Each structure stands twice: as C-alpha cells, then as structure tokens.
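A quick write-up on the structure given underneath.
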Amino acid sequence: MNLTDRDKKYIWHPYTQHKTVALPIAIKRGEGALLWDENDKEYIDAIASWWVNPFGHSNKFIADAIYKQLTTLEHVLFGGFTHEPAVVLAEKLMETLPKNQQKIFFSDNGSTAVEVAIKVALQYFFNKGEKKTTIIAFENAFHGDTFAAMAASGISFYTQAFQGMFIDVVRIPVPTKGNEEASYSALREAIKNNNCAGFIFEPLVQGAAGMVMYEPESLDELIRICKKNNVLTIADEVMTGFGKTGKTFACNYLTEKPDMMCLSKALTGGTIPMAITTFTSAIFEAFYDEDINKALFHGHTFTANPTGCAAALASLELLQTNEMQGNIARINQRHLAFQKYIESHPKVTTTRVLGVIFALEIKTKNQASYYGTLRNKLYDFFIENGVILRPVGNVVYILPPYIMTDMQLQKVYEVVENALEIV
Ligand SMILES: *Cc1c(COP(=O)(O)O)cnc(C)c1O
C-alpha cells in the first residue's frame with residue numbers, strides 16, 4: 001500500500017472534512033522551493049508550506065545548526081534553568097525588534113504566542129487592580145485555533161461551533177481603503193462602551209482572510225487611540241514576521257510601536273515548532289512583584305527548546321544576509337511586474353502586493369465561500385499543474401520561499417494566469 005492509503009487508516013488531518021475531500025498527497029522529499037511526492041511528481045511550494053519556510057526545504061545551514069545543538073544539548077527544562085541558545089536568541093532578537101520590546105516569552109506555535117499575549121493583557125490589568133476584560137479584534141482576523149486565539153479570530157468558518165463560549169471580544173472593521181474613518185470610530189466606540197484590556201491585530205496584512213492589506217498610517221492611528229485610552233496593543237506577526245512584508249517585521253513600517261508582538265511560523269525557517277511573545281518593560285513590571293500571585297503562571301513543557309532556539313538563530317542569520325534581502329527585493333519586483341500584467345485581466349477584480357506577498361481576487365457572481373466550489377476547482381487545477389497554492393474563497397495568493405528562482409516564479413504566474421481561464 002502506498003503512504004496515502006496507509007494515512008487514511010489512522011490519521012485525522014487539520015481543516016479537513018474527511019468524507020468529501022480527496023486523499024492527501026504524500027510528500028517524500030523537499031529541496032529549495034520544490035517538493036516531490038511518492039510517485040516522484042514535482043511541486044513548486046508557492047506558499048512556503050503555510051508561510052513557514054523562507055529559505056527552502058531541507059536547508060543545510062539550518063539542519064547543521066540543529067544537528068550541532070541536538071548533539072550538545074537537545075533539551076532542558078526552562079523553569080529554573082536557562083541555556084546559551086535562548087540567551088543569544090533573545091539578544092539577537094532585541095537587535096531587530098522595535099526598540100520598545102524588552103522581554104521575550106517562549107512557547108510552541110502561533111496560537112500559543114497569541115494565547116500568552118491575551119492572557120498577559122488581561123492579567124496586566126488584574127495585577128493593577130483594574131477590571132478590564134474585553135479584547136478588541138478586527139473583522140475576519142485569524143489568530144489561531146486555541147480558545148483565546150479563536151475568540152479573537154473573526155472567520156466564522158473556524159469558530160462557529162464554539163460561539164457563546166469565548167472571552168469577550170469586540171470586533172471592528174479593518175481600515176482598508178475607504179474604511180479608515182469607520183475603523184477609527186468603531187475603535188473609539190468599543191473603548192467607550194467596554195472595559196477593553198487589549199487590541200490584537202495582524203499588522204498590515206490579514207493572512208488567512210485572503211491577504212487583506214491596509215496602510216501603516218491607519219494602524220498608527222488605531223494604536224494612538226489605544227495608547228490614549230490605556231488599551232494594550234498586540235501585533236500578531238506570526239504570518240508577517242521575518243521579511244514577508246519586505247521589512248523584518250510589518251511593525252517596522254509604523255511610527256507607533258505595539259506593546260506586544262507574537263512571532264512564530266518563519267521564526268525557525270520552517271523546521272521546528274517554536275513561538276515567541278515579546279513585551280515592553282512596562283508590561284513586565286506589572287508582573288514583577290514580591291507577591292507570587294502577580295507572576296505569569298503560564299508555560300509549556302518544551303518552552304525555549306534549545307534545538308528550536310538554534311534553528312531560529314540560524315534562520316535569523318540567513319535572513320540578514322545580503323543574498324536573502326536581495327531575494328526578498330527581487331521577488332517583490334517580480335510580483336509588481338506580474339501585478340501590472342494581470343490587473344486588467346477581465347476576470348480579475350483587484351490585485352495587491354506587499355513584500356513577497358501577491359494576491360488577486362477573481363470576479364465571481366456570488367460571494368465565494370472559504371472552502372467553496374470555486375476554491376476547490378482552483379486548488380485542484382494548481383495541484384494538477386504541479387504548483388501548491390491554497391486559494392481562500394476567490395482570492396489566489398502567492399507567498400513563495402525567498403529562494404524561489406525566477407523561472408519557478410514564472411511558472412507559478414503562468415499557472416495562475418491559466419487558472420483564470422477555467423473559472
Ligand atoms: C498561522 C497564524 C496563527 C496560528 O499559528 P499556529 O502555529 O497555526 O498555531 C496565528 N496568527 C496568525 C496571524 C497566523 O497566520
């Protein structure tokens with residue numbers, strides 16, 4: 001039996017209705033932007049395996065760093081202990097993060113990074129003896145699948161079974177072009193009518209919503225409104241972090257600075273699950289006390305796993321090379337050229353580009369649903385043509401590993417253009 005059939009017997013896949021969906025493709029090998037399945041069919045990974053892999057599959061530089069760490073100190077508990085990879089990673093991150101970020105807390109994935117940020121926002125006010133229990137989030141936000149992260153997420157597809165079981169969240173419109181004032185006034189209203197502890201947002205690009213983009217100036221204004229009203233701001237950079245927007249962090253486009261940041265996905269170059277939540281000293285100080293009850297009683301068994309830290313350090317080093325920065329700029333230029341070429345196509349309603357992220361919306365009669373017929377037809381077409389793209393409703397986006405070659409990128413563009421003919 002092949003892997004695909006053996007998989008079926010015991011395995012439950014994420015975001016999958018097993019009764020109706022096709023069997024998964026068994027991938028045996030990856031190198032650079034390419035993957036090969038068990039029948040040796042080749043695929044271009046045009047979404048960096050869910051946005052985690054900027055430097056290519058089976059990257060030797062990161063693999064060597066991981067091997068070295070595994071054979072020196074693979075893991076040690078982080079309660080009461082520390083180690084060099086964690087300390088050096090913290091120091092290196094401080095050189096790249098916005099200057100107000102002064103403390104880092106480790107966890108395992110994007111959802112836990114968000115979970116930590118939301119818990120910290122709530123306990124921050126608890127520790128100060130203030131009752132603030134509401135979180136503000138954007139419409140169609142995605143912050144992960146654990147409970148607080150789900151509460152903050154606004155895509156009903158993911159959360160409808162759990163409505164009524166969440167912490168209090170007020171939702172405001174995203175300040176996309178033309179909606180800026182509506183977004184600002186909704187935020188002011190939310191703060192006036194609720195005891196808001198924090199505002200969580202995906203800075204500049206809402207990934208899971210279909211690469212919805214908005215301007216730094218609008219986010220600056222929203223952060224200013226929060227600052228004036230003593231509401232903590234949480235930038236969820238799980239998707240946008242580590243170069244995707246053209247700068248190391250999307251927050252680098254801002255004049256204002258968030259109080260907390262959530263990092264994961266590309267943090268370890270797509271190798272080992274790890275996440276980090278970062279904080280200002282003012283936040284840390286609200287937990288720093290002789291009273292043990294003011295401490296943050298949150299942790300995970302594999303917190304700050306040394307091997308994960310070593311992978312993150314190697315990834316950060318790769319990201320900062322001139323070669324990788326050049327790749328990011330190159331892909332951005334190619335995207336802009338393709339945008340110019342495709343934007344007037346009769347089946348395209350709108351296109352957008354930021355950094356290595358490209359998205360186009362396909363004209364549809366009715367609103368396309370998240371995992372609807374159009375989406376499935378497109379997905380199957382891309383797979384048939386050896387390109388991994390996961391459209392969101394009627395949005396087709398490309399988020400390639402930075403090392404993708406011009407030729408591979410050209411093939412992705414061609415397949416996207418051809419897909420417009422089948423819809
Ligand atoms: C993917 C994602 C998450 C969740 O991360 P997981 O590692 O899947 O738990 C949270 N926030 C954003 C913005 C994401 O894109």
Side-chain angles (χ1 to χ4, degrees), residues 12-16 47-54 105-121 135-155 157-159 162 166-167 169 171 174 198-214 219 233-245 248-251 253 258 260-278 298 300-303 305 308 311-312 315 354-357 359 370 390-392 395 397-399 401:
W12 194 340
H13 283 263
Y15 309 120
T16 299
I47 55 166
S49 281
W50 267 344
W51 324 334
V52 299
N53 191 312
F105 190 94
F106 289 93
S107 64
D108 307 329
N109 58 69
S111 304
T112 54
V114 166
E115 212 70 27
V116 168
I118 290 178
K119 282 176 72 174
V120 164
I135 298 294
I136 305 159
F138 278 140
E139 284 165 5
N140 287 324
F142 181 74
H143 297 291
D145 293 335
T146 55
F147 251 80
M150 243 199 319
S153 296
I155 302 173
F157 211 89
Y158 293 83
T159 59
F162 311 100
F166 292 136
I167 56 165
V169 171
R171 224 162 277 293
V174 185
F199 167 40
I200 186 165
F201 50 86
E202 295 158 89
L204 310 192
V205 190
Q206 290 188 297
M211 303 297 157
V212 172
M213 297 181 188
Y214 60 96
L219 186 52
T233 50
I234 305 166
D236 177 354
E237 294 240 18
V238 169
M239 190 282 284
T240 50
F242 303 103
K244 309 243 180 59
T245 64
T248 302
F249 300 107
C251 285
Y253 285 95
M260 304 181 222
M261 289 169 70
C262 305
L263 312 173
S264 188
K265 292 212 163 101
L267 171 63
T268 61
T271 57
I272 292 180
M274 196 167 93
I276 286 175
T277 314
T278 72
H298 186 103
H300 297 279
T301 313
F302 278 98
T303 294
N305 170 258
S315 298
L354 185 65
V356 303
I357 306 168
Y370 209 82
R390 285 177 66 96
V392 175
V395 180
Y397 74 85
I398 308 170
L399 201 166

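Residue numbers run from 1 in the order of the sequence given. The model shown is predicted, which means the values in this text are computed figures rather than measured ones. Order of listing sets the numbers, starting from 1, for every ligand and every atom in it.
- Near W51, with a cut-off below 4.0 Å to any heavy atom, the atoms of ligand 1 are 15 (O).
- In terms of protein heavy atoms, atom 9 (O) of ligand 1 is closest to S111 OG, 2.6 Å.
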TODO: Go through the steps for Y15 and Y158 under the test ring-ring contact (aromatic ring centres under 6.0 Å, His included), then give the verdict.
DONE: CA-CA 9 Å; Y15 309 120; Y158 293 83; 5.3 Å; yes
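- Every atom of ligand 1 with a heavy atom of N109 under 4.0 Å away is listed here by number and element: 7 (O), 9 (O).
- For the ligand labelled ligand 1, residue W50 lies outside the 4.0 Å heavy-atom shell.
- For ligand 1, the atoms lying closer than 4.0 Å to a non-hydrogen atom of F142 are 1 (C), 2 (C), 3 (C), 11 (N), 12 (C), 13 (C), 14 (C).
- For atom 7 (O) of ligand 1, the closest non-hydrogen atom on the protein side is G110 N, 2.8 Å.
- If you number the atoms of ligand 1 from 1 as listed, the ones under 4.0 Å from a heavy atom of M239 come out as 15 (O).
- Atom numbering of ligand 1 starts at 1 in the shown order; those under 4.0 Å from a heavy atom of K265 are 1 (C), 2 (C), 3 (C), 14 (C), 15 (O).
- Distances shorter than 4.0 angstrom do not occur between any heavy atom of Q206 and any atom of ligand 1.
- Results of the side chain to side chain contact (heavy atoms under 4.5 Å, CB included) test with H143 over S153, S111, C262 single out S153 as the only residue that passes.
- Of all the atoms in ligand 1, the ones that sit under 4.0 Å from a non-hydrogen atom of G144 are 4 (C), 10 (C).
- In this model, no donor atom of one side chain and acceptor atom of the other lie less than 3.5 Å apart for T112 and E115.
- The aromatic rings of H298 and H300 stand perpendicular to each other, their planes meeting at an angle above 60°, with 30° marking the opposite boundary.
- The atoms of ligand 1 that sit less than 4.0 Å from any heavy atom of H143 are 10 (C), 11 (N).
- Only the side chain of E202 comes within 4.0 Å of ligand 1, judged by heavy-atom distances.
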